Engineer: 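One structure, as structure tokens, below. Some questions next.
Since this is a predicted model, take the numbers as computed values, not measurements.
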Amino acid sequence: MPNPRPNTLFASACRVGLVALVSMAAQACAVADPPAPSATSIWFAALTGDGCTATSNGKKQIPADVDTLVAQWTANLANGDKKTGTARIAGAKVGAGAWEIKGIPVTGQLDLDVFGCSKDKKLVYAGRNNGVQVQEGASPQPVRIFLAPADKLACTGSPFGSPKLSVARALAGTAALTNGDAVVVGGLGTWDKLAGSGNGIDAVDYYDARQGHFVAGPKLSSARILPHVHAISQDGKQPQLLVVGGAVSVKRYSANSPFVLDILVPEKLDGAAPSIKAELLDLTAGKASTKGLDPTKVDVGVGANILSSAIRLGTAILYVGGVSETGQIMDKATRLGNPEEILTGGTGKSDSVKLNAARVRPALLSFADDTAVIWGGAVLANGKAAAADAMGELLEAGTPVSVKLKVTGPASLVDDPNLSTVAPVVVPVSRTADVLTFVVAGGVPIESAQTAVAAPSYLVTVTRSTQTAELRPVTVGGDKLRAGLFGIGLGLDGRRLLMGGGLVAMSATADVQPLCEKADPNTADCVIDSAWVVKVPATLAPGDSPVALELVTKLGLGGSRLGVAVAPTPLGALLAGGLASTRTGDTAAVIDDVGQVLTVTPPAADAAIICK
């Protein structure tokens, strides 16, 4: 497991001014002046692999398009003040040594951004390390920063860890840690194309965002596909996570089955959930472990259901809906309060909430407090989609019953029979105490469960005080925003969203062929092979006309991908694994172990100033 103290700089007491040594771990950096005797050698990650932007590869190489390195730092001082600074090294060279950043004050909280600029003054690489400690005296220690191409997709990797997952998987759970790292938990590890079924795995991988690599963690107590994962420790040095629910096996959609949810769910629901409903995953360096939790002490309620949803709400974890082991679609939610008590062997107190509709894999979001919005996945008892007035619910903290949201918008959208979907890709844009805005795309329409192509894409503005949800269609370059079942969705800084990937249809027929041009219409399904970074405008024109999203960049995923594990990183996102197809190939061919990282330029970063 990662070193529990990887983020420490030492300020030299024998120099005029304070000096820190920074070793660039990845695509960057060189030496301006001869290094101090205690300096460490600069090394670089080998960034290669399918679907990754071409980058320099080797321990002492700098990408050809990097000419200047720039570091910007912000220190939070003991008296509450902030101090900032910039260091610049022009004419980056290949070689060994350390880059000295002078003038950094002794502080327990230093945030460091490093940028690579091209000869034509463009910002081409970026990386961040938050929470660096600067200490007086002792020997200088390296602080490594993983630099990746800005606004592009690159492979992870470094000389010390693995650039890939320890085990290939799709449909894994993820959690972001307080130190900026991420964890990939469980997932689908085997697949039989003939039977159309697969089994889960118990693997855990820790992703170090500063070094850009994976480290294998302890095994779970049980295999889990699509588990819920929550970081409940606020100490970045001792990551502890609650892992809940999931399934031990799945299968693909059966065209002759009347059950609308027969898409990558267990063939037999009875016994498909892990026997241990919840476990504690401790990733503390030197003593990483897993521990099954007593259900009489930690009652996760509907969180143990197949295709339930979950969200952390500060003082509680909310679990919603799903399919029970008897096949019942649930109209209930469970609030697990004070999960931190679980760390000390205490009891996780839970209470049950009655919903207005039974829901399967709905989207969960929150306002600036603990009030939640439940969106999509609504299914009536007869297996039909619920109407628009059942699309969303508002759940105030501590209340036993949710409130149905009143849905408004253009009739073409509000009355669309494909509005209600299972597992929609939903990404928040902004939130206050009263207004929550998010974008919806993909998922499988309950009315046409063999294809996701008919699922609308739209923007939702929920106003808490009026209990309303206003819908507006969204477009990207005049076209529909696309994401399939178990697609990619994540909010980035500056009203930017990452969306795409996912299963569109079980057959690559003519109507969906443009979304999966490489798929054989006779033998393959249709899975999207791209993702998009889009930006939502800060102000919306009045009326109900479509909202035009700005296309920031289109990302090739290196092939079709569904069930990619996605987690936020300090400057973007980690993408890991994924299933290429449910109808072609065997386990080795279709389940991926590739780790990819998207680094985006910070909204406040002015390339003209940084790369002057």
Engineer: Has R169 got a side-chain atom pairing as donor or acceptor with I591's backbone, closer than 3.5 angstrom?
Structural biologist: no
Engineer: Quick one: pull up CG in D208 and OG1 in T156 and give me the separation to the nearest 0.5 Å.
Structural biologist: 11.0 Å
Engineer: Please report the shortest heavy-atom distance between V320 and P362, naming the atom on each side.
Structural biologist: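 Between these two residues, the closest heavy atoms are CG1-CG, 3.9 Å.
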Engineer: Taking T475 for its side chain and D479 for its backbone only, find out whether a donor-acceptor pair lies under 3.5 Å.
Structural biologist: no
Engineer: For side chain to side chain donor-acceptor pair (under 3.5 Å), just list the numbers for T408 and E470, CA-CA rounded to whole Å, side-chain angles, deciding distance to a tenth of an Å, and then say yes or no.
Structural biologist: CA-CA 5 Å; T408 63; E470 180 187 4; 5.5 Å; no
Engineer: Can T599 and Y125 be said to form a side chain to side chain contact (heavy atoms under 4.5 Å, CB included), step by step?
Structural biologist: CA-CA 8 Å; T599 296; Y125 280 78; over 6 Å; no
Engineer: Backbone N or O of S465 within a donor-acceptor pair of the D434 side chain at under 3.5 Å?
Structural biologist: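 Looks like yes, one N/O pair under 3.5 Å.
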Engineer: Can you check whether T582's main-chain N or O pairs, donor with acceptor, with D525's side chain at less than 3.5 Å?
Structural biologist: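 It does hold such a pair.
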Engineer: Is there a side-chain contact between P521 and Q513 in this structure, where contact means two heavy atoms from C-beta onward sitting under 4.5 Å apart?
Structural biologist: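 Contact flag for P521/Q513 side chains = yes.
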Engineer: Side chain of D493, backbone of L571: donor and acceptor closer than 3.5 Å?
Structural biologist: no
Engineer: Below 4.0 angstrom, N of the basic side chain to O of the carboxylate: do R561 and D592 qualify?
Structural biologist: yes
Engineer: Are any side-chain N or O atoms of E393 and backbone N or O atoms of L355, one a donor and one an acceptor, separated by less than 3.5 Å?
Structural biologist: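 Such a contact is absent between E393 side chain and L355 backbone.
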Engineer: Which heavy atom of A508 sits nearest to which heavy atom of C526, and what is that distance?
Structural biologist: CA-CB, 4.2 Å
Engineer: Less than 4.5 Å apart, side chain to side chain, heavy atoms only: is that true for V547 and L549?
Structural biologist: yes
Engineer: Are the charged groups of D369 and R464 less than 4.0 angstrom apart, N to O?
Structural biologist: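 Here D369 pairs with R464 in a salt bridge, since their nearest N and O are under 4.0 Å apart.
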Engineer: Kindly say whether S545 contributes a backbone atom to a donor-acceptor pair with the side chain of R472 at under 3.5 angstrom?
Structural biologist: yes
Engineer: Might you point out which heavy atoms bring S324 and L269 nearest each other, and give the distance in Å?
Structural biologist: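 Taking S324 first and L269 second, the nearest heavy atoms are O-CD1, 3.8 Å.
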Engineer: Can a donor-acceptor pair be found, under 3.5 Å and without considering hydrogens, that links the side chain of R359 to the backbone of M391?
Structural biologist: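 Confirmed, R359 side chain pairs with M391 backbone.
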Engineer: Under a 4.0 Å threshold between the charged nitrogen and the carboxylate oxygen, would R312 count as salt-bridged to E340?
Structural biologist: yes
Engineer: Side chain to side chain donor-acceptor pair (under 3.5 Å) for R431 and S366? Distances and angles first, verdict last.
Structural biologist: CA-CA 8 Å; R431 62 177 185 169; S366 67; 2.7 Å; yes
Engineer: Taking atom OG of S530 and atom CG of L153, what is their separation to the nearest 0.5 Å?
Structural biologist: 10.5 Å
Engineer: Around K554, counting heavy atoms of other residues, nucleotides and ligands shown, do more than 12 lie under 6.0 Å from its NZ?
Structural biologist: no
Engineer: Which pair of heavy atoms, one from L177 and one from V183, lies closest together, and at what distance?
Structural biologist: CD1-CG2, 3.9 Å
Engineer: If only atom types and distance count, is the side chain of D111 paired as donor or acceptor with the main-chain N or O of G131 below 3.5 Å?
Structural biologist: yes
Engineer: Closer than 4.0 angstrom, basic N to acidic O: yes or no for D113 and R128?
Structural biologist: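 Looking at R128 together with D113, the answer is yes, because their closest N to O distance falls below 4.0 Å.
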Engineer: For K480, I'd like to know if atom NZ has over 12 heavy atoms of other residues, nucleotides or ligands within 6.0 Å.
Structural biologist: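 Yes, enclosed.
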Engineer: Checking T174 side chain against V566 main chain: does a donor-acceptor pair fall under 3.5 Å?
Structural biologist: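 Yes.
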Engineer: Less than 4.5 Å apart, side chain to side chain, heavy atoms only: is that true for D351 and T334?
Structural biologist: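 In short, these two side chains do not touch, never coming nearer than 4.5 Å.
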Engineer: The criterion is ring-ring contact (aromatic ring centres under 6.0 Å, His included); which residues satisfy it with W375, sequence neighbours excluded?
Structural biologist: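 W375 satisfies ring-ring contact (aromatic ring centres under 6.0 Å, His included) with F438 once adjacent residues are dropped.
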Engineer: Are T553 and D151 close enough that a side-chain donor and a side-chain acceptor fall under 3.5 Å?
Structural biologist: no
Engineer: Write down the atom of V302, the atom of K332, and the distance for their closest heavy-atom approach.
Structural biologist: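 Scanning both residues, the minimum pair turns out to be CG2-O, 3.9 Å.
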